[in-house]
Amino acid sequence: MNAVAETLYDRLGRREGITRITRELMKNHLANPLVKTRYENSPDLDRVETRVIEFFCAGAGGPESYSGKDMLTTHKGMNVSEQEFITVIDDAMDALEKCGVEPATRNEVLAILWSLKGEVIRV
Ligand code: HEM
């Protein structure tokens with residue numbers, strides 16, 4: 001057995017893997033009628049994508065630092081619904097699957113995303 005446990009960051013494929021996953025995620029959002037207008041209305045989707053990559057990397061234990069706003073400040077005033085929150089998480093699970101991430105690791109990401117609901121929904 002491997003004596004050193006692989007971090008979540010490693011299992012997501014480090015920065016390269018997380019960049020791929022995030023691109024799939026944004027593609028899913030822009031194709032999803034339940035949330036697409038939210039992202040289409042962003043003034044700078046490239047910046048959002050870069051921040052989401054950093055957020056994922058830092059949250060998974062990577063060396064990157066997150067340069068964006070905290071989750072509460074980011075989503076404050078957007079009036080995000082429960083349905084939109086579930087949809088965004090579903091898009092993330094689909095992106096992980098498309099990128100070949102194992103079910104156990106997908107569930108770990110699911111738990112992390114779910115734990116943020118109080119900072120995103122109707123804040
Ligand atoms: C756990 C779930 C979520 C996480 C981890 C998350 C994460 C993030 C991050 C890291 C950013 C970039 C912040 C920055 O630029 O400083 C962002 C922006 C954004 N999020 Fe979320 N988000 C989540 C859920 C949602 C939901 C459910 C919606 C609504 C459908 C949403 C809509 C947006 C929009 C529209 C932006 C872009 C704001 C802008 O243009 O500045 N997010 N999110």
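Atoms within a ligand are numbered from 1 in the order they appear, just like the ligands themselves.
Two residues are said to be in side-chain contact when any heavy atoms from C-beta on lie closer than 4.5 Å; R23 and E49 meet this criterion.
Atom NZ of K98 has more than 12 heavy atoms from other residues, nucleotides or ligands within 6.0 Å. Applying the 6.0 Å contact sphere to CD of E40 captures more than 12 heavy atoms from other residues, nucleotides or ligands. The environment of R51 atom CZ is dense: over 12 non-hydrogen atoms of other residues, nucleotides or ligands sit within 6.0 angstrom.
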Report all N/O contacts between ligand 1 and the protein shorter than 3.5 Å as a table of atom names and distances to 0.1 Å; if there are none, say 'none'.
unit_1, atom_1, unit_2, atom_2, d
ligand 1, 15 (O), R47, NH1, 2.8
ligand 1, 16 (O), K69, N, 2.9
ligand 1, 20 (N), H75, NE2, 3.0
ligand 1, 22 (N), H75, NE2, 2.9
ligand 1, 40 (O), S42, OG, 2.7
ligand 1, 41 (O), R47, NH2, 3.1
ligand 1, 42 (N), Y39, OH, 3.4
ligand 1, 42 (N), H75, NE2, 2.9
ligand 1, 43 (N), H75, NE2, 3.1

For a quick test of your reading: what N or O donor-acceptor pairs under 3.5 Å do the side chains of residues 106-115 make, sequence neighbours left out?
unit_1, atom_1, unit_2, atom_2, d
R106, NH1, V101, O, 2.7
E108, OE1, R11, NH1, 2.9
E108, OE1, R11, NH2, 3.4
E108, OE2, R11, NH2, 3.3
S115, OG, I112, O, 2.6

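Side-chain contact annotation: D10 with T7, donor-acceptor N/O pair under 3.5 Å present.
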